[in-house]
Novice: 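Take this structure, written in structure tokens, and hold onto it; I'll ask about it next.
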Amino acid sequence: RTADETRTAAAERQAVSDTLERVLESAKRGATVGDLLDEAKSRLTNLDEAARSQIASALDERDAARLAARRSNAAREAAVARAAESEGAAREAELARATMEASMHA
């Protein structure tokens, strides 16, 4: 597990523990079983929605990182292509210079 996964799992465990503690507090105050179940369901639903939101955010971040990596790779490939073109142009210029010098000495 990564550190983020470990922290997320610990936060989820703590949230469930807190939910159960609140439900037990409600039971001590005389809430009915139905009220307790409704409260637990509501809190767990909220936790589920929060987890889904975190997952969606993580996926968005991953996708953005992948896109940035693809753009970086494309930019690097373009730079290599430009360097190759420049090198080819330099060779052609050198060949033209050498040809001109040879024709002048001939």
Side-chain angles (χ1 to χ4, degrees):
R1 280 189 174 184
T2 66
D4 285 340
E5 290 172 332
T6 301
R7 281 192 296 274
T8 299
E12 289 171 352
R13 282 192 302 276
Q14 184 61 48
V16 170
S17 176
D18 291 347
T19 295
L20 293 174
E21 186 176 319
R22 287 184 186 114
V23 170
L24 287 174
E25 288 172 6
S26 294
K28 289 176 185 175
R29 289 191 307 268
T32 66
V33 172
D35 292 340
L36 296 175
L37 290 175
D38 287 344
E39 183 177 352
K41 181 180 176 185
S42 173
R43 291 187 184 278
L44 292 175
T45 297
N46 291 341
L47 289 174
D48 185 50
E49 290 171 2
R52 288 175 195 264
S53 176
Q54 287 177 340
I55 290 168
S57 293
L59 292 175
D60 288 346
E61 289 174 13
R62 182 202 63 193
D63 292 345
R66 285 181 176 171
L67 178 60
R70 282 196 295 271
R71 286 181 178 163
S72 176
N73 287 341
R76 184 174 55 250
E77 289 171 5
V80 168
R82 283 192 303 275
E85 288 174 5
S86 294
E87 188 176 319
R91 281 191 205 130
E92 288 177 16
E94 179 61 27
L95 180 59
R97 187 190 61 74
T99 301
M100 188 183 323
E101 283 182 10
S103 68
M104 290 175 65
H105 294 296

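This chain uses plain numbering: 1 for the first residue, then up along the sequence.
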Novice: I'd like to know if the side chain of Ser53 and the backbone of Glu49 have a donor-acceptor N/O pair within less than 3.5 Å.
Specialist: no
Novice: In Å, rounded to the nearest 0.5 Å, how long is the span from OG of Ser57 to CZ of Arg62?
Specialist: 12.5 Å
Novice: What pairs meet the side-chain hydrogen bond (donor to acceptor under 3.5 Å, both in side chains) rule with one or both residues in residues 78-90, with sequence neighbours excluded?
Specialist: Glu87-Arg91
Novice: Regarding Glu94 and Arg97, does a basic nitrogen lie under 4.0 Å from an acidic carboxylate oxygen?
Specialist: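 A salt bridge links Glu94 with Arg97.
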Novice: Could I get the full list of salt bridge (Lys or Arg N to Asp or Glu O under 4.0 Å) partners for Arg22, not counting sequence neighbours?
Specialist: none
Novice: Indicate whether any N or O donor in one side chain lies under 3.5 Å from an N or O acceptor in the other, for Asn73 and Arg76.
Specialist: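 Side chains of Asn73 and Arg76: pair found under 3.5 Å.
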Novice: What pairs with Ser26 under side-chain contact (heavy atoms from CB on, under 4.5 Å), at least two apart in sequence or on another chain?
Specialist: Arg29, Ala31, Leu36, Glu39
Novice: Could you list the residues that satisfy side-chain contact (heavy atoms from CB on, under 4.5 Å) with Glu12, not counting sequence neighbours?
Specialist: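 Applying side-chain contact (heavy atoms from CB on, under 4.5 Å) to Glu12 gives Thr8, Ala51.
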Novice: Tell me every residue that passes side-chain contact (heavy atoms from CB on, under 4.5 Å) with Leu95, counting only those two or more places apart in sequence or in another chain.
Specialist: Thr99
Novice: When rounded to the nearest 0.5 angstrom, what distance separates CD in Glu21 from CD in Gln14?
Specialist: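 Between atom CD of Glu21 and atom CD of Gln14 there are 8.5 Å.
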Novice: Could I get the full list of side-chain contact (heavy atoms from CB on, under 4.5 Å) partners for Asp38, not counting sequence neighbours?
Specialist: none
